[in-house]
Amino acid sequence: MDLGLKGRWALVCAASKGLGRGCAEALVAEGVNVVITARGVEALEATAAALRVQNPAVQVLAVAGDISTEAGRAAALQACPQVDILVNNAGGPPPGDFRDWDREAWLAALEANMLTPIALIKATVDAMAARGFGRIINITSGAVKAPIDTLGLSNGARSGLTGFVAGLARQPALASRNVTINNLLPGAFDTERLQKTLRAGAEKTGQALDAVAARRAAGIPAQRFGTAAEFGAICAMLCSVQAAYLTGQNILLDGGAYPGTF
Ligand code: NAP
């Protein structure tokens with residue numbers, strides 16, 4: 001199916017690796033020009049080069065910087081001629097016990113996983129509405145639906161974003177102008193972040209990494225982790241012209257791990 005996105009511009013945040021990169025790859029495959037961001041220049045430039053090889057017909061711009069800072073956001077926005085598609089993403093907060101988190105830890109989580117996406121939405125959404133097309137995807141987490149005990153910072157900050165977006169997406173000034181805002185909630189995806197978590201689990205328990213990974217995958221009905229390509233494909237579908245009537249939704253991508261009917 002042609003998703004109708006050829007020639008559009010997307011700002012894909014935190015996209016040198018993992019889920020963000022998966023989204024950039026899927027959009028580039030659809031003929032979308034992209035601005036990708038990440039803090040580490042080397043991996044970012046390598047990803048940009050791979051995207052240019054993947055589809056030489058599109059423009060790929062790489063902007064190094066921390067998207068959770070005002071300067072990082074300004075540079076990313078300035079590089080993008082117009083933001084038709086915004087994929088909000090950033091690293092997730094660290095795990096731990098809430099008794100150990102001070103105000104600074106909470107502010108960092110809120111900055112990266114709530115206030116940054118809101119700031120980028122604020123900077124782009126009215127122009128999308130004026131042009132009559134806009135797609136905003138926030139990469140959040142399955143933890144928004146089923147909290148993960150050690151990830152309290154993530155549970156809290158991402159729930160704040162989710163609540164805000166639920167109201168914003170339903171504003172007629174946006175929904176009637178073909179601007180949709182949806183959240184993608186990853187379960188377990190095989191990225192560097194997941195590998196890090198599995199390695200930490202193996203070190204803590206003294207078990208082999210393979211055994212820890214196999215046990216985690218066995219708890220998922222699909223019996224495996226998701227791939228960044230699968231995640232990116234759903235992101236591109238949500239951005240498509242065909243998805244214009246789908247807004248304000250939280251879409252769980254977890255291989256069936258969430259046990260509820262709804
Ligand atoms: P990943 O493989 O570690 O990739 C993270 C990407 O984001 C890298 O390109 C990283 O590059 C970039 N990044 C991180 N912080 C950034 C910042 N402040 N500014 C700009 N770029 C930044 O992680 P992932 O698995 O794709 O996860 C993406 C998001 O989904 C995270 O918020 C994560 O918590 C969430 N999530 C993931 C899973 C999963 O199973 N993978 C499950 C639930 C939720 P630099 O480090 O060079 O900046």
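If you read the sequence from its start, that first residue is 1, and numbering goes on from there. As the structure lists them, so they are numbered: ligands from 1, and atoms in each ligand from 1.
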Please confirm whether Asn113 comes within less than 3.5 Å of ligand 1 when only nitrogen or oxygen atoms on both sides are compared. no
Ranking Ala24, Ala188, Pro94, Gly187 by closest non-hydrogen atom to atom 42 (C) of ligand 1, top hit is Gly187
Close approach, Cys13 and ligand 1, non-hydrogen under 4.0 angstrom: no
Measure the CD1-CG distance between Ile85 and Leu5 for me, rounded to the nearest 0.5 Å. 5.0 Å
In plain terms, say whether Arg131 and Asp84 are close enough for a salt bridge, that is, a side-chain N and a carboxylate O under 4.0 Å apart. yes
Between Pro186 and ligand 1, find which residue part has any heavy-atom pair under 4.0 Å and reply side chain, backbone, both or neither. both
dist Asp97:CG -> Asp149:CG (nearest 0.5 Å) comes out at 9.5 Å
Using heavy atoms and a 4.0 Å limit, tell me yes or no: is Arg158 in contact with ligand 1? yes
When you measure from the heavy atoms of Ala43 to every atom of ligand 1, does any distance fall below 4.0 Å? no
In terms of residue, atom name and distance, what is the protein heavy atom nearest to atom 29 (C) of ligand 1? Asn89 OD1, 3.2 Å
Taking both backbone and side-chain atoms of Arg193, is any N or O found less than 3.5 Å from an N or O belonging to ligand 1? yes
With a 4.0 Å cut-off on heavy atoms, does Thr140 reach ligand 1? yes
Donor-acceptor pairs are to be reported for all side-chain atoms of residues 177-187 against protein atoms at under 3.5 Å, with residues two or more places apart or in another chain.
unit_1, atom_1, unit_2, atom_2, d
Arg177, NE, Ala129, O, 2.6
Arg177, NH2, Ala129, O, 2.9
Arg177, NH2, Ala130, O, 3.1
Asn178, OD1, Arg135, NH1, 3.2
Asn178, OD1, Arg135, NH2, 3.3
Asn178, ND2, Gly132, O, 3.0
Asn182, OD1, Gly248, N, 3.1
Asn182, OD1, Gln249, N, 2.9
Asn182, ND2, Leu246, O, 2.8
Asn183, OD1, Asn138, ND2, 2.9
Asn183, ND2, Asn250, OD1, 2.8

What is the nearest protein non-hydrogen atom to atom 32 (O) of ligand 1, stated with its residue, atom name and distance? Ala90 O, 2.6 Å
Looking only at distances, can you tell me whether any N or O atom of Thr37, backbone or side chain, sits closer than 3.5 Å to an N or O atom of ligand 1? no
Hydrogens and angles aside, do Ser141 and Arg158 bring a side-chain donor and acceptor to less than 3.5 Å of each other? no
Under 3.5 Å: N/O of Leu194 near N/O of ligand 1: no
Does this structure show an ion pair linking Arg199 with Glu203, if we count only N-O contacts that are shorter than 4.0 Å? no
